[in-house]
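Here the structure is laid out as structure tokens; the discussion comes afterwards.
Reminder, nothing fancy here: chain letters follow the sequence lines and each chain counts from 1.
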Protein chains: 2
Amino acid sequence: MLKLADRNLPKLDESLLTGLPPFSRLERPQIREILDQASSRRYDEGTAVFREGHDADRFFLLLDGYLRVIRTTPDGDQIIVLHISPGQLFGIAPALQRDTYPATAMTAAESIALSWPARLWSDFTASYDGFATESYKTLGQRLGQIQQTLTEMATQAVEKRVAAALLRMVNQSGRKTDTGIEIAFPVTRQNISDMTGTTLHTVSRLLSSWEKQGIVESTRKRIAVTDPHQLVLISNGNG
Amino acid sequence: MLKLADRNLPKLDESLLTGLPPFSRLERPQIREILDQASSRRYDEGTAVFREGHDADRFFLLLDGYLRVIRTTPDGDQIIVLHISPGQLFGIAPALQRDTYPATAMTAAESIALSWPARLWSDFTASYDGFATESYKTLGQRLGQIQQTLTEMATQAVEKRVAAALLRMVNQSGRKTDTGIEIAFPVTRQNISDMTGTTLHTVSRLLSSWEKQGIVESTRKRIAVTDPHQLVLISNGNG
DNA sequence: CCGCGAGTTTGAGCAAGAGCAACGTTCCGA
DNA sequence: TCGGAACGTTGCTCTTGCTCAAACTCGCGG
């Protein structure tokens, strides 16, 4: 159960949801209804919102921060399936008639998420025009992205996979800085190796080499791409 | 457009759909309605039902046969994302608001499929109780399976991946024979390497070795597992 | 029944990248 | 300000499994 301190006592503002795809076709009173049924909670960096195998009793919307969706193998290896950005629904196992979550959601940075009890999913899809359509659209995009990652993993050499992983993070969360485009959340070499099925050693060597070539800049846990075009070339094989 | 010869002129029998998950809660007249709007078509082994990138203008139900869902990379490598068995919906891109198919569907054996125009999807989910629920449940399972494959690909050595791929095919389409459990559709070494991101050479070596150990039996394009338990051990690392 | 083509087997060499080890650096909290 | 933990770098070794090459075999169509 959520502790009292975790619930958002001052009323949530309607502007939180307006404009987000699942709610874009709704009027203020409907958004009000939806918000009144939501719980809001803040999560420190590196904590789990839910874990693989646990009861899928709620579904979520990320308001602020970034999440990693992670699967762990029986022998402890883990891989990052995808990242979630603000405004996206996640943990929608209830929509797929699953009774447990198929993966773990970890915060990559301090985050804030709304959540609703699983049983409300069918209410939402029935009552709110466009909610189902937009949610399943998101799901379709996510499915496509995972298939994309799968094909990369199966056919591409490590260097290309790492380049592609960086580009994906930049596209999803890139912030312009004076020197390049920075990934908006902390990323370690280990994280990148978990996205690409390699080791942190190999990732470290690749980043060092790219840094020498002026393609990326990185401090500990922070990565910026200074020459995205070059990275695209690498990810397509013309390194 | 479908040619006349492809349409099933004698009325489709209602028993084709009864009992299949998406239609299990429906009465005969509703099933009649659904069938009357369907096109039926037969496909030779090795032909495409639809191709990646093409207009997602229909969705399908496999009545008989087996399909491979395939993605191809820009440089011509291809990987088999999953297999479709009789009774399953496929090509449901319309349900996910996609305007093109994200993958190609090839017949692994001679097959028969029904299909409906994409625009009917929303009619079906609105009119037929349980159709949406069951369809999205299938989708959820498929998503989970792809994530599973992705983690394997990223963390497991080739031998384990191949063992796991064989087990998946056996579980999905295994037919008991006097000597073991046979995969119900033709499978080449190349096919297996396309499922596991390796080469046909490596697969051939593995199968030869397993054959010597009495774990599998294979003729050209036909594979049977004689000792599934042993394969499970291999796929878990205790080779 | 023959011949061809698609699929398979096997060998040898080689390179990508994993594993291991040791050291360096940054950050944070006491 | 100091110490330690977490993260990163780099060199070396060793293995996995890919590449290339060549021969083999099954099964089908003519």
Side-chain angles (χ1 to χ4, degrees), chain A residues 44-46 73 75-79 106 108-110 152-163 165-166 183 185-213 216-224 234 237 239, chain B residues 44-46 68 73 75-79 106 108-110 152-166 183 185-213 216-224 234 237 239:
Chain A
D44 284 330
E45 178 178 333
T73 66
D75 33 70
D77 298 313
Q78 63 173 41
I79 85 128
M106 287 280 274
E110 183 182 347
E152 272 171 22
M153 201 75 87
T155 64
Q156 312 284 41
V158 170
E159 185 181 33
K160 296 188 195 181
R161 301 208 300 269
V162 173
L166 283 186
I183 295 166
F185 49 87
V187 188
T188 67
R189 325 283 155 178
Q190 177 69 60
N191 288 331
I192 297 176
S193 70
D194 287 346
M195 298 177 66
T196 52
T198 181
T199 62
L200 75 161
H201 307 282
T202 299
V203 172
S204 177
R205 286 181 234 271
L206 284 172
L207 285 183
S208 297
S209 133
W210 290 341
E211 196 137 17
K212 273 181 202 116
Q213 297 171 58
V216 303
E217 277 177 15
S218 72
T219 64
R220 159 184 285 239
K221 301 187 83 174
R222 219 82 219 177
I223 296 178
I234 292 172
Chain B
D44 284 328
E45 177 179 332
R68 290 187 238 274
T73 66
D75 34 69
D77 298 313
Q78 62 173 44
I79 86 128
M106 287 280 274
E110 184 183 345
E152 273 171 22
M153 202 75 86
T155 64
Q156 312 284 44
V158 169
E159 185 180 33
K160 296 190 195 180
R161 301 208 301 269
V162 173
L166 283 186
I183 294 167
F185 49 86
V187 188
T188 67
R189 323 284 171 206
Q190 178 69 61
N191 288 330
I192 297 176
S193 70
D194 287 346
M195 298 177 67
T196 52
T198 179
T199 63
L200 76 161
H201 307 282
T202 299
V203 172
S204 177
R205 286 180 234 271
L206 284 172
L207 286 182
S208 297
S209 133
W210 290 341
E211 195 136 16
K212 273 181 202 116
Q213 298 171 56
V216 304
E217 277 178 15
S218 72
T219 64
R220 159 184 289 237
K221 299 188 80 171
R222 219 82 220 179
I223 296 177
I234 292 171

Q: Grab the CZ-P distance between A/Arg189 and C/dG19 for me, whole Å please.
A: 19 Å
Q) In whole angstroms, how far is the P atom of C/dT8 from the CD atom of B/Glu217? A) 16 Å
Q. Could you give the CD-to-C1' distance, from B/Glu45 to D/dG27, as a whole number of Å?
A. 14 Å
Q | Minimum heavy-atom distance A/Ala165-A/Thr196, with the two atoms named | A | CB-CG2, 3.7 Å
Q) Just how far, in rounded Å, is C1' of D/dC18 from CG of B/Leu200? A) 11 Å
Q) Counting just side-chain N and O atoms, does A/Thr198 come under 4.0 Å of either OP1 or OP2 of C/dA18? A) yes
Q: State which of C/dG19, C/dT9, C/dG17 makes the closest approach to the side chain of A/Val158.
A: C/dG17
Q: Return the nearest nucleotide to the side chain of A/Arg220; candidates are C/dT9, D/dC18, D/dG8.
A: D/dG8
Q. Do the side chain of B/His201 and the base of C/dT8 come within less than 3.5 angstrom through a donor-acceptor pair of N or O atoms?
A. no
Q. Can you tell me if the side-chain N/O atoms of A/Thr199 get under 4.0 Å from OP1 or OP2 in C/dA18?
A. yes
Q) Looking only at N and O atoms, is any donor in the side chain of A/Arg205 or the base of C/dG19 less than 3.5 Å from an acceptor on the other one? A) yes
Q | Protein-nucleotide distance (B/Ile223, atom CD1; C/dG7, atom P), rounded to Å | A | 13 Å
Q | Test item: A/Ile223 and A/Leu207 side chains (from C-beta on) under 4.5 Å apart, heavy atoms | A | yes
Q. A/Ile192 CD1 to D/dC7 C1': how many Å, rounded?
A. 13 Å
Q: For the residue pair A/Gln213 and A/Ser209, establish whether any side-chain heavy-atom pair is separated by less than 4.5 Å.
A: yes
Q) So which heavy atom on B/Ile183 is nearest to which on B/Arg222, and how close? A) O-NH2, 3.9 Å
(Q) Any non-hydrogen side-chain atom of B/Asn191 less than 4.5 Å from a side-chain atom of B/Phe185? (A) no
Q: Nearest whole angstrom, please: distance from the P of D/dT16 to the CG of B/Leu206.
A: 12 Å
Q. Is A/Thr188 near enough to D/dA6 that one of its side-chain N or O atoms lies under 4.0 angstrom from OP1 or OP2?
A. no
Q) How long is the line joining CD of A/Glu211 and C1' of D/dT10, in whole Å? A) 15 Å
(Q) Looking at A/Thr202, I'd like to know whether one of its side-chain N or O atoms comes within less than 4.0 Å of OP1 or OP2 on C/dA16. (A) no
